[in-house]
Amino acid sequence: MRTLISNGTVVTAEGSHRADVLIDGETIAAVGLDLAKGGPADATIDARGKYVIPGAIDVHTHMELPFGGTFAKDTFETGTRAAAFGGTTTIVDFAVQSKGKSLREGLDAWHAKAEGNAVADYGFHMIMSDVTDDSLREMDKLVDEGVPDFKLFTAYPGVFFSDDGAVFRAMQRTRENGGLIMMHAENGPAIDVVAAGEVAAGHTNPYYHGVARYPIFEGEATNRVIRLAEAAGVPVYIVHLSARDALDAVRAARDRGAMAFAETCPQYLFLSLDDMGNGFEGAKFVCSPPLRPKDHWPELWSGLVKDDLQVVSTDHCPFDFHGQKDLGKGDFRKIPNGLPGVEDRVDLLHDGGVVGGKLTKERWVELISTAPARLFGMYPTKGAVAAGSDADLVVYDPQRKRKISAKTHHMDVDYSCYEGREVQGASDVVLSRGSVIVRDGKFSGKKGHGRYVKRAPATYARIS
Ligand SMILES: [Zn+2]
């Protein structure tokens with residue numbers, strides 16, 4: 001099967017140019033002018049006036065994550081389907097090691113959730129909640145199996161929390177096996193003290209979730225884990241950076257030559273602590289780190305422009321407002337942490353970034369696709385529009401406007417954080433390895449099409 005995408009503007013991290021894209025089977029066969037002259041294709045997609053971009057990659061999702069006695073609602077089927085509607089053709093989800101269990105058990109469980117269900121490609125990172133001699137040894141094996149990243153937490157004492165010694169031991173191990181440590185960097189024990197004080201003072205509304213998790217606690221933990229990584233001589237990747245305090249730590253580290261990398265998420269660029277006011281409605285916006293005051297926004301955008309932040313991912317982790325978020329009525333500490341977002345990232349970043357005059361369209365592609373592919377061992381199979389790359393492609397209309405709403409989104413969750421917001425830019429045709437899976441708002445893919453992506457260790461992150 002040969003498909004020709006004709007007359008579009010190919011936009012990549014490197015630049016933009018008018019070109020046709022010829023797909024043969026699952027991969028891109030050629031990119032260039034007048035490819036129709038090479039003989040007829042089986043199908044042609046007219047991309048006149050549109051961008052042709054590499055399928056977006058979301059390296060931070062939590063499908064079916066168990067949290068606080070319930071589960072994130074999207075499955076690998078509904079979650080990758082919603083992602084596809086939004087132009088995202090690859091996700092990297094977090095398999096979870098539970099305390100006292102092996103990494104293997106956690107990874108097997110996540111393979112079982114995804115296999116035969118995902119509609120688009122997926123890989124895994126591994127959450128390590130129990131650093132032991134055994135789990136350290138297991139890391140080497142996972143690196144070989146294409147799961148080269150390990151997420152540890154300085155937050156959530158008693159659940160995911162690792163102390164500095166555990167974090168350092170895991171980092172030392174990646175020096176030997178080539179893996180990458182990803183850090184949720186907030187000072188959990190200190191946050192718990194403040195949160196308990198707020199509840200004791202009768203401040204039980206969701207708003208106080210945001211208040212209790214001080215930006216300085218994120219800044220402190222971010223600096224600490226980067227320093228530990230420097231001591232171990234390894235790169236480190238900070239997930240879901242939300243606060244200027246943390247960005248300051250990353251920027252300072254990069255300025256002194258440390259191998260520090262970080263992502264932020266749309267919720268930290270478009271939503272704020274103000275959204276958490278309004279009584280229990282604020283539970284819709286409870287995630288960790290929390291939404292910050294609006295004055296953090298310009299600094300995060302600046303971080304994206306200056307490459308102190310290299311990736312925008314979503315931390316997609318949806319819980320229904322009715323029936324799940326309400327577990328925390330009367331105590332914000334019991335609200336399941338997480339927001340839906342996998343469907344909206346590409347358009348929000350296009351609207352706020354490119355249309356908003358903050359990012360070039362090339363930088364937009366880099367942040368949503370190419371940089372995550374490079375940092376997480378998938379480039380140039382993913383994240384590129386080039387001969388030999390997977391034909392994960394999006395024909396993107398930079399002019400079309402649409403309104404975000406829970407009534408029309410495809411994520412399996414009963415609300416949207418962006419309800420009623422109009423965005424400019426939308427995916428018209430989405431291809432996963434040469435198959436059209438979404439066209440003009442209609443799904444044409446199939447459950448089980450998505451394949452496990454075995455990823456290489458992050459040599460890209462090892463800059464010294
Ligand atoms: Zn997360």
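If you're wondering where the values come from, they're calculated on a predicted model, not measured in any experiment. Indexing begins at 1, ligand by ligand and atom by atom, following the structure's order.
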* Asked: Taking the inter-plane angle between the rings of Tyr396 and Tyr51 on a 0 to 90° scale, is it parallel (under 30°), tilted (30 to 60°) or perpendicular (over 60°)?
  -> parallel
* Centres of the His60 and His316 rings: under 6.0 Å? -> no
* Asked: With ring centroids as reference points, do His111 and Tyr452 lie under 6.0 angstrom apart?
  -> yes
Under 3.5 Å, side-chain donor or acceptor atoms of residues 139-150 against the rest of the protein: list the pairs with distances, not counting sequence neighbours.
unit_1 : atom_1 : unit_2 : atom_2 : d
Asp140 : OD1    : Arg173 : NE     : 3.2
Asp140 : OD1    : Asn177 : ND2    : 2.9
Asp140 : OD2    : Arg173 : NH2    : 2.9
Lys141 : NZ     : Glu145 : OE2    : 2.8
Glu145 : OE1    : Arg104 : NH1    : 3.3
Glu145 : OE1    : Arg104 : NH2    : 3.4
Glu145 : OE2    : Arg104 : NH2    : 2.5
Asp149 : OD2    : His125 : ND1    : 2.8
Asp149 : OD2    : Arg455 : NH1    : 2.7
Asp149 : OD2    : Arg455 : NH2    : 2.7

* To do: State the CG-SG distance between Asp344 and Cys417, to the nearest 0.5 angstrom.
  => 9.0 Å
* Asked: What is the number of protein N/O/S atoms located under 2.8 Å from the Zn ion (ligand 1)?
  -> 3
* Is it true that Asp414 and Lys73 make a salt bridge, defined as a side-chain N closer than 4.0 Å to a carboxylate O? -> no
